[in-house]
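Because the structure is a prediction, the values reported are computed rather than measured.
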2 protein chains.
Amino acid sequence: MTTIREVAKMAGVSVATVSRVINGNGKVKQATEEKVREIIKELNYVPSAIAVSLNNKKSKTIGLMLPDITNPFFAELAKGVEEVAKENGYTVILCNTNGDLQSELDHLQVLEQKYVDGIILSSHTLSYSDVEHIATPIVSIDRTLEGNFPSVTSNNFQGAVMAVRHLLEKGCKKIAHISGPQSIRTARLRLQGYLEVVGDLDWYTEALVADGDYEIKSGYEATRTLLQMNRDIDGIFAGNDLMAVGCLKAIHSLGLHVPRDISVIGFDGINFSKITIPELSTISQPIYDMGLLATNTLLKAMEGQCYEQMVYELDVQLIERDSTK
Amino acid sequence: MTTIREVAKMAGVSVATVSRVINGNGKVKQATEEKVREIIKELNYVPSAIAVSLNNKKSKTIGLMLPDITNPFFAELAKGVEEVAKENGYTVILCNTNGDLQSELDHLQVLEQKYVDGIILSSHTLSYSDVEHIATPIVSIDRTLEGNFPSVTSNNFQGAVMAVRHLLEKGCKKIAHISGPQSIRTARLRLQGYLEVVGDLDWYTEALVADGDYEIKSGYEATRTLLQMNRDIDGIFAGNDLMAVGCLKAIHSLGLHVPRDISVIGFDGINFSKITIPELSTISQPIYDMGLLATNTLLKAMEGQCYEQMVYELDVQLIERDSTK
DNA sequence: ATGAAAGCGCTAACAT
DNA sequence: ATGTTAGCGCTTTCAT
């Protein structure tokens, strides 16, 4: 491994001079600079990021903590985060937590000791006391956190309202909801949005809400349960796209047709929602943009800038496709 | 930030002693150790990974370079990698390259200067000369690399043969193939497997192979082209699951039925293959396991152990579902 | 069993 | 314009 010392020696200058040409600060004579650059190239010298970090207490690294990278929602988010990070010279440490509190705490601990310059966090189990001691800036995604943490979310409540209204407009007379885990804020908000619209209608009963867990399988099962209890359901608002996919399958397996017999709408707008048969109508969140925004916000926080805004709640959008008619 | 010095001072010992109790080497009197631990806890002291790294030249970090984390194949891989890494006290830096050579080179450069202890690489553009100078161990996924790099792949050729034979057994009389980008080794092997089985049959013509690029859309388009030219195709082997999904959609859009009119089989066994309607028959690779194996192999390489094996080619498996009858 | 001090590779303040 | 040197936080000889 080549060090700055060897470069200095070969170039016949001091390490300070080499450091100056590398970082482009301080004065260096043209000729000297050229000579140094030449040697750097010749020796294939790359400064040790570790040594640099030890000096300036910046690792040029951010941590990204997610429940599950195989969930398309988080994968898209991660892509956005990585993109912005890279553009700004940062590197991303991926932390997959499975939504497990202990795992999250462990990861947090490691991120701290690796001196990451910032953390983007998507967690529904972490509480304020778990993160308050962390000196590094944190941006929360998909939920807000107590304390002074910026957050990037989208308008879950409003989206749910839009979804259900859409179903209503399409002529649905009895609309069910497959809810996400009520421990997760987005799931609660989406349920609230649903209730907001249908809670007062005469056909509404509690039996029209089935619990899911945001995974495909639960959408499948919830739908079958729902349809067993209420044969006249003609519209289903699934708490997310994954469950909507399961829902589509369940309806198909029952010999029914979407959207002729039952209209289905999801939430998230993951890529896969447009490849189902029929293509899924959904409320799309600007997932990739949320990743970009979260990262840019984090970057600002890291530079010590005041936040322009602490809480971003992005607009969602109704995407009408073939599963609602 | 608490340093080892403060701990030492508070405990009334030298930094060397603190270091000893942290790392559990060297002799430390029971009482001293307890005292030190107490102070560590009290001060909430966590050793700086950076400083440690500077000493022992190990960052406890590995780099993971992938074309696209939103591709379920790579997301699953990443999950496996992260899992094993975490278990072994390593952290994963995620590098998303979009399959772009320059991006890969940039990332490689950064990984080097961050002193990652190892790299897991999935690239089809990088060549030997791009990586030979890298001192850190590298494991290649999904392809082999010249030189002494261990690799983890699966049996693409054999899988393709299995896929096409399966179609034949199901009674297909004219089988087409949607190939992946021929710049990618796996795509070439799968095409070869297809040709191996049907190349000599009397109905085979070159027009039965359509080019795709491993993305959903290309599967859709290739299928429509294929079917336009050859109305009597009754079986399609798609080069991967994503294209198979596009294929399913195209067939559906043409008013035809899978598997009644046309049987379809994919390759990869990504999670999503089981949620399509109809569920997709496919050749499944042990994706998650490939991630585990690659990481374990890398870990061994990092410990300087001789490789038990340089090249792993894992078995694939035919999964018969509803898209082939 | 414990401490003092050198050194990991670099930056930045201070000299010259 | 360039060099010297003191750290950054830690590990690890080498003394004691």
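- Applying side chain to side chain contact (heavy atoms under 4.5 Å, CB included) to Asn25(B) and the options Ile22(B), Val28(B), Asn23(B) leaves one that passes, Asn23(B).
- Counting non-hydrogen atoms under 4.0 angstrom, Thr3(A) reaches the backbone sugars and phosphates but no base.
- One can place CD of Glu6(B) at 14 Å from C1' of dC10(D), the figure rounded to the nearest angstrom.
- Pairs passing the salt bridge (Lys or Arg N to Asp or Glu O under 4.0 Å) check and including a residue from residues 100-125 of chain A, sequence neighbours excluded, do not occur.
- Ser154(B) contributes atom OG, which lies 8.0 Å from atom CG of Asp268(B) (distance to the nearest 0.5 angstrom).
- Contact record, Ala301(A) with Pro137(A): CB-CB, 3.8 Å, taken as the closest heavy-atom pair.
- At least one side-chain heavy atom of Thr32(A) sits less than 4.5 Å from a side-chain heavy atom of Thr17(A).
- Using a 4.5 Å heavy-atom cutoff, the side chains of Ile119(A) and Leu108(A) are in contact.
- Heavy-atom minimum distance, Glu76(A) versus Asn271(A): OE2-N, 3.4 Å.
- Residues from residues 47-58 of chain A that place a heavy atom under 4.0 Å from any atom of DNA chain D, listed by number: Leu54(A), Asn55(A), Lys57(A).
- Separating the CD1 atom of Ile4(B) from the P atom of dG7(D) is a distance of 18 Å, rounded to the nearest angstrom.
- Paired runs in DNA chain D that reach 3 or more consecutive Watson-Crick or G-U pairs, where each pair keeps both distances under 3.5 Å, cover C:1-16 with D:1-16.
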Between the protein and nucleotides 3-5 of chain C, are there any N/O to N/O pairs under 3.5 Å, and if so, what are the atom names and distances?
| unit_1 | atom_1 | unit_2 | atom_2 | d |
| --- | --- | --- | --- | --- |
| dG3(C) | OP2 | Ser14(B) | N | 2.7 |
| dG3(C) | OP2 | Ser14(B) | OG | 3.1 |
| dG3(C) | OP2 | Thr17(B) | OG1 | 2.7 |
| dG3(C) | N7 | Arg20(B) | NH1 | 3.4 |
| dG3(C) | O6 | Arg20(B) | NH2 | 2.5 |

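- Within the model, atoms CD1 of Ile69(B) and OG1 of Thr97(B) stand 11.0 Å from one another, a figure rounded to the nearest 0.5 Å.
- Residue Tyr115(A) contributes atom OH, which lies 12 Å from atom P of dC8(D) at whole-angstrom precision.
- Counting only residues at least two apart or on different chains, the salt bridge (Lys or Arg N to Asp or Glu O under 4.0 Å) pairs with a member in residues 62-71 of chain B are Lys79(A)-Asp68(B).
- Using a 4.0 Å cutoff on non-hydrogen atoms, the parts of residues 21-34 of chain A near DNA chain D are Lys27(A), Val28(A), Lys29(A), Thr32(A), ordered by number.
- With a 6.0 Å radius and a threshold of 12 heavy atoms from other residues, nucleotides or ligands, Lys9(A) has its NZ atom at or below the threshold.
- A straight line from NZ of Lys114(B) to P of dG9(C) spans 19 Å, rounded to a whole angstrom.
- Within a 6.0 Å sphere centred on NZ of Lys57(A), heavy atoms belonging to other residues, nucleotides or ligands number more than 12.
- Side-chain contact, Tyr214(A) with Thr186(A): a donor N or O sits under 3.5 Å from an acceptor N or O.
- Results of the side chain to side chain contact (heavy atoms under 4.5 Å, CB included) test with Ser151(A) over Val311(A), Val139(A), Asp142(A) single out Val311(A) as the only residue that passes.
- Between Arg5(A) atom CZ and dG3(D) atom P the separation is 14 Å, expressed in whole Å.
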